[in-house]
Amino acid sequence: MTDETLRGYRESIDNIDAALVLLLAERFKVTQAVGRYKATSGLPPADPDREEKQIARLRRLAEDARLDPDFSEAFLRFIIREVIRHHERVRDGA
Ligand SMILES: C=C(O[C@@H]1C=C(C(=O)O)C=C[C@H]1O)C(=O)O
């Protein structure tokens with residue numbers, strides 16, 4: 001690999017990281033709206049059935065994309081944990 005090749009790879013990594021942050025920001029925008037809806041409707045912050053369906057779907061997608069499904073599951077669970085924390089805060093009026 002040359003320095004020029006490395007520079008090109010890193011340019012791509014920078015773009016991908018930027019896309020990931022923008023996608024996450026959009027996801028949290030939507031989940032915060034869901035949190036407000038749940039709080040006003042008396043629904044619980046977490047929905048384990050929905051989570052398991054999402055995780056199973058993501059694992060299948062990861063396998064198709066040749067990405068480690070365990071890593072994908074851990075990543076999604078990390079995000080969902082943060083979403084539920086937000087929902088609890090909204091429910092508690094914090
Ligand atoms: C966003 C929701 O709330 C929680 C967060 C989820 C997520 O981030 O994917 C999924 C289920 C819920 O535990 C939801 O119920 O749809």
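Read the numbers this way: they start at 1 and go in the same order the structure lists the ligands and their atoms.
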**Q** Please identify which atoms of ligand 1 are closer than 4.0 Å to at least one heavy atom of R27.
**A** 7 (C), 8 (O), 9 (O)

**Q** Kindly say whether Y37 contributes a backbone atom to a donor-acceptor pair with the side chain of T40 at under 3.5 angstrom?
**A** yes

**Q** I'd like to check which ligand 1 atoms, numbered from 1 as shown, lie under 4.0 Å from a non-hydrogen atom of V83.
**A** 5 (C), 8 (O)

**Q** Return the closest protein heavy atom for atom 3 (O) of ligand 1 as residue, atom name and distance.
**A** K38 NZ, 2.8 Å

**Q** Which heavy atom of the protein is the closest neighbour of atom 13 (O) of ligand 1, given with residue, atom name and distance?
**A** E51 OE2, 2.4 Å

**Q** Run the ring-ring contact (aromatic ring centres under 6.0 Å, His included) test against Y9 and tell me which residues pass, sequence neighbours left out.
**A** none

**Q** Would you mind telling me if ligand 1 is within reach of the side chain of I84, the backbone, both or neither, using heavy atoms under 4.0 Å?
**A** side chain

**Q** Between D47 and ligand 1, does any nitrogen or oxygen pair lie at a separation below 3.5 Å?
**A** yes

**Q** Give the cluster check for I79 versus L61: same hydrophobic cluster or not, with ILVMFWY residues linked at side-chain heavy-atom distances below 4.5 Å.
**A** no

**Q** Only heavy atoms of R50, strictly under 4.0 Å: list the atoms of ligand 1 that pass.
**A** 10 (C), 11 (C)

**Q** Tell me which donor-acceptor pairs under 3.5 Å the side chains of residues 80-90 have, and how far apart each pair is, sequence neighbours excluded?
**A**
residue	atom	partner	partner atom	Å
E82	OE1	R85	NE	3.0
E82	OE1	R85	NH2	3.3
E82	OE2	R85	NH2	2.8
E82	OE2	H86	NE2	3.2
H86	ND1	Q32	NE2	3.3
H87	ND1	P45	O	3.3
H87	NE2	T31	O	2.8
H87	NE2	G35	N	3.4

**Q** Within less than 4.0 angstrom of ligand 1, does Q54 place any heavy atom?
**A** no

**Q** Measure the CZ-CG distance between R10 and L6 for me, rounded to the nearest 0.5 Å.
**A** 4.0 Å

**Q** With heavy atoms of H87 as the reference, note each atom of ligand 1 found under 4.0 Å away.
**A** 1 (C), 2 (C), 3 (O)

